[in-house]
Enquirer: 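Starting off with a structure, shown below.
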Amino acid sequence: MDTPMVAMLLAWGLVVGMDLVSVGQVMANRPLVAGSVAGLILGDPVSGMMVGVILELFALEVLPLGASRYPDYGLGAIAGAATASGSPGILGIGLGIGVALLVAWLGEVSMSAVRRFNSSDVRRRRERLDRGDVGTITRVHLRGLLRDAIRAVGLAAAGLLLAQLARRWSPVDLETAVLVTIVAIGIALATAVHAAVRLSGGGRGVGWLATGIVAGTLWVVLL
Amino acid sequence: MLAAAVRLFTVQGSWSYERLQGIGAAVAIEPLLRDLPGGVGGEAYRRAMGRAAKFFNTHPYLAGLALGAVAKAEHAGVDGEQIERLRSILKGPLGSVGDRLVWVGALPVASAIGVVLVALGHPLLGVLSFLGVFNTVHLGIRFWGLGTGWRLGMAVGRALSSPAFTAAMRYAGPSAALAVGFALPVAGVWLTAAFGLNDKIGVAAVVVVGAVFAKWLAPRLGAARFGLLAIVLALLGGAIWP
């Protein structure tokens, strides 16, 4: 990876990381988008797309309700695409998903840290906030955005570093690489089934899910 | 109104355990409060901003409905306590409607469409369709919400009882289940296209075993940690197996 490529990935990481909660939520953070664009930047769109689709299956489980915390699959997808890019065939995909899931989990932890810093900021300025001091309100908000921007870029950089480490010093041989990829794809599909059952709400919803699975199976068999 | 709509995109930018979206809500509503009697810095403006910055949490896309209504109520000179009650009453229903429509309905449907198109060999169309389908719903809800809240003020509850909302809520879950169900075999075949028969059987076995463990472990660990655990076990297995 050369410097302009790293700079572009970090810039994309900023957009993706902030889209998770703080700015927009236009779903640039979804791995399908984040991984695909990262693959294009890395010059290996197929690996980026595969990492994106596999993580998208994991991400179906996320229901960002209320104060819940959830993994940052978008930044994970960037790190995963960086790990898998350039590997022959699909051999880098399993390891890429491993790095991606680790970064996604770190994203969840780092988001919690940002929220704690924001809380402390709010506590220190409670009186002025309650008085409706617009300057204080605006500054607290901007500091919150800045913290998340630092989190996004920092985690994107950590993800790229992990990707480089995994690519250079990975002890994975050919058979293990295939095994890890098989497990990554299988577990992604299994968690997606679990998420789909939950989304269906049970009862007749499970019938709709079964109908979808039958229709999809017929599609791939017949067409 | 446009400034408030743009600021609403950052309503969760300063999310804290103290006030959740409260600070972001105040920043978003601020442009709508500048015309209060006394102008910026006046007593009415400061009191309204103080109320706006208090604890608030709802679905981020529907926050505009509540904030538009609150801003209208401030302009109508409604009593402060009543305005705080309005904010409090709206949080729960807007949260549950938004969760059902967006996170349970629109997002999985858009995601499934994107995955299917990518798997069928249309990567660019897949990504753009995902973003297009999802954000049509997303942006529609955001702009409709702010405008409707501002129009209806204290009567904003009427907006939530519309037949369109009720129908959308009813069909959100089943639509998502159908779409994701269709996407799963299509994605599975695409992801394993490079594998031989034995490897494909291996993936199928992992899906079956994984689905059983997912039911037990995924709710406790979350999918990311559950997947990471499986990959670490596979790496260890590969290292130990002769």
Side-chain angles (χ1 to χ4, degrees), chain A residues 21-27 32-33 36 49 53 56 58 60-61 63 65 71 89-90 98 101-102 104-105 115 118-119 122-123 129-132 134 137 140-141 144-145 176 179-180 182-187 189-194 196 199-201 205 208-209 211-213 215-217 220, chain B residues 9-10 12-19 23-24 26-27 46-47 49-50 53 57 60 99 103-104 108 111 114-115 118 123 127 130 134-135 173-174 176-178 180-182 184-189 191 194 199 202-203 206-207 210-211 214-215 218 223-225 227-228 230-231 234-235 238:
Chain A
V21 172
S22 295
V23 181
Q25 287 199 303
V26 297
M27 299 301 132
L32 184 66
V33 181
S36 301
M49 201 81 67
V53 167
E56 189 67 34
F58 277 105
L60 283 171
E61 150 271 355
L63 290 176
L65 312 178
I90 57 164
L101 292 175
L102 179 60
W105 179 27
R115 289 174 172 183
N118 289 347
S119 298
V122 167
R123 270 198 301 275
L129 292 171
D130 287 341
R131 277 208 313 265
V134 70
I137 291 170
V140 167
H141 190 62
L145 288 169
T176 308
L179 174 66
V180 172
I182 286 172
V183 169
I185 293 171
I187 290 293
L189 288 165
T191 51
V193 169
H194 179 258
L199 285 172
S200 71
W208 284 110
L209 174 62
T211 306
I213 291 174
T217 307
V220 294
Chain B
F9 281 94
T10 73
Q12 301 197 113
S14 49
W15 202 103
S16 69
Y17 294 112
E18 287 278 308
R19 303 188 180 210
I23 304 297
V27 169
R46 276 191 285 110
R47 283 194 177 170
M49 283 299 288
N57 195 46
D99 292 343
W103 303 143
V104 175
S111 173
V115 166
V118 168
V127 173
F130 165 68
F134 180 79
N135 284 304
L178 184 69
V180 172
F182 186 87
L184 288 175
V186 179
V189 167
L191 288 168
D199 293 338
V203 171
V206 174
V207 173
K215 194 177 176 188
R225 275 173 283 181
L228 193 56
I231 287 174
L235 279 169

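All figures in this text were calculated on a predicted structure; none of them were measured in a lab. Each chain gets a letter, A, B and so on, in the order the sequences are listed, and its residues count up from 1.
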Enquirer: How close do B/Ala230 and A/Ile187 get, heavy atom to heavy atom, and via which atoms?
Expert: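 Smallest heavy-atom distance, with atoms named: CB-CG1, 3.6 Å.
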Enquirer: Below 4.5 Å from any heavy atom of chain B, which atoms of A/Leu129 appear? Answer side chain, backbone, both or neither.
Expert: both
Enquirer: Could you look at A/Glu61 and say if it's the side chain, the backbone, both or neither that has a heavy atom under 4.5 Å from chain B?
Expert: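 The side chain, not the backbone.
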Enquirer: Which one wins on heavy-atom pair count under 4.5 Å against chain B: A/Ser22, A/Gly144, A/Ala104?
Expert: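 Top option by heavy-atom pairs under 4.5 Å: A/Ser22.
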Enquirer: Please confirm whether the backbone N or O of B/Tyr17 pairs with a side-chain atom of A/Ser119, one donor and one acceptor, at under 3.5 Å?
Expert: yes
Enquirer: Side chain from CB out, backbone as N, CA, C, O: work out which of these in A/Ser36 comes under 4.5 Å of a heavy atom of chain B, or both, or neither.
Expert: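 Answer is side chain: those atoms of A/Ser36 sit under 4.5 Å from chain B.
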Enquirer: Identify which part of B/Ala194 has an atom lying under 4.5 Å from any heavy atom of chain A, answering side chain, backbone, both or neither.
Expert: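 B/Ala194 touches chain A through side-chain heavy atoms alone.
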Enquirer: Is it the backbone or the side chain of B/Val115 that comes under 4.5 Å from a heavy atom of chain A, or both, or neither?
Expert: both
Enquirer: Which one, B/Pro108, B/Ala26, B/Ala176, leads in non-hydrogen pairs under 4.5 Å with chain A?
Expert: B/Pro108
Enquirer: Examine whether an atom of A/Val122 lies under 4.5 Å from a heavy atom of chain B, and if so say whether it belongs to the side chain, the backbone or both; otherwise answer neither.
Expert: side chain
Enquirer: Identify the two heavy atoms, one from B/Ile231 and one from A/Ala184, that lie closest to each other, and give their separation to 0.1 Å.
Expert: CD1-CB, 4.0 Å
Enquirer: Ignoring hydrogens, what is the shortest heavy-atom contact between A/Met49 and B/Pro123? Give both atom names and the distance.
Expert: CE-CB, 2.9 Å
Enquirer: Does any backbone or side-chain atom of A/Val23 lie under 4.5 Å from a heavy atom of chain B? Answer side chain, backbone, both or neither.
Expert: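 Contact with chain B is through both the backbone and side chain of A/Val23.
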Enquirer: Mind ranking B/Ala211, B/Gly173, B/Ala223 by heavy-atom pairs under 4.5 Å with chain A and telling me who comes out on top?
Expert: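 Between B/Ala211, B/Gly173, B/Ala223, the count favours B/Ala223.
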Enquirer: Quick one: CD on B/Gln12 to CG on A/Asn118, what's the gap to the nearest 0.5 Å?
Expert: 11.5 Å
Enquirer: What do you reckon, is CZ of B/Arg46 surrounded by more than 12 foreign heavy atoms closer than 6.0 Å?
Expert: yes
Enquirer: Over all heavy atoms of both residues, which pair between B/Gly188 and A/Leu189 is shortest? Give the atoms and the distance, please.
Expert: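 Smallest interatomic distance, heavy atoms only, reads CA-CD1, 4.0 Å.
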Enquirer: Non-hydrogen atoms of chain A under 4.5 Å away: do they reach the side chain of B/Asn135, the backbone, both or neither?
Expert: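 Answer is side chain: those atoms of B/Asn135 sit under 4.5 Å from chain A.
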Enquirer: Please name the pair of heavy atoms, one in B/Ala214 and one in A/His194, separated by the smallest distance, quoted to 0.1 Å.
Expert: O-NE2, 3.7 Å
Enquirer: Which residue out of A/Leu145, A/Thr191, A/Thr211, A/Val193 racks up the most heavy-atom pairs below 4.5 Å with chain B?
Expert: A/Leu145
Enquirer: Can you confirm whether A/Leu60 sits close enough to B/Ser111 that some side-chain heavy atom of one is under 4.5 Å from a side-chain heavy atom of the other?
Expert: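 They are in contact (side-chain heavy atoms under 4.5 Å apart), so the answer is yes.
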Enquirer: Let's test your reading of the structure: which of B/Val180, B/Leu235, B/Val27, B/Val118 forms the most heavy-atom pairs below 4.5 Å with chain A?
Expert: B/Val27
Enquirer: Could you report the tightest heavy-atom contact between A/Val26 and B/Phe134, atom names first, then the distance?
Expert: O-CD2, 4.4 Å
Enquirer: Kindly check if the number of other-residue, nucleotide or ligand heavy atoms within 6.0 Å of CH2 (A/Trp105) is above 12?
Expert: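 No - once you tally the heavy atoms of other residues, nucleotides and ligands closer than 6.0 Å, there are 12 at most.
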Enquirer: In terms of heavy-atom pairs under 4.5 Å, which option from A/Val180, A/Ile182, A/Ile185, A/Leu179 contacts chain B the most?
Expert: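 The residue among A/Val180, A/Ile182, A/Ile185, A/Leu179 with the greatest pair count is A/Ile182.
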Enquirer: Where on A/Ile90 is there a heavy atom nearer than 4.5 Å to chain B: the side chain, the backbone, both, or neither?
Expert: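 When you check distances to chain B, only side chain atoms of A/Ile90 fall under 4.5 Å.
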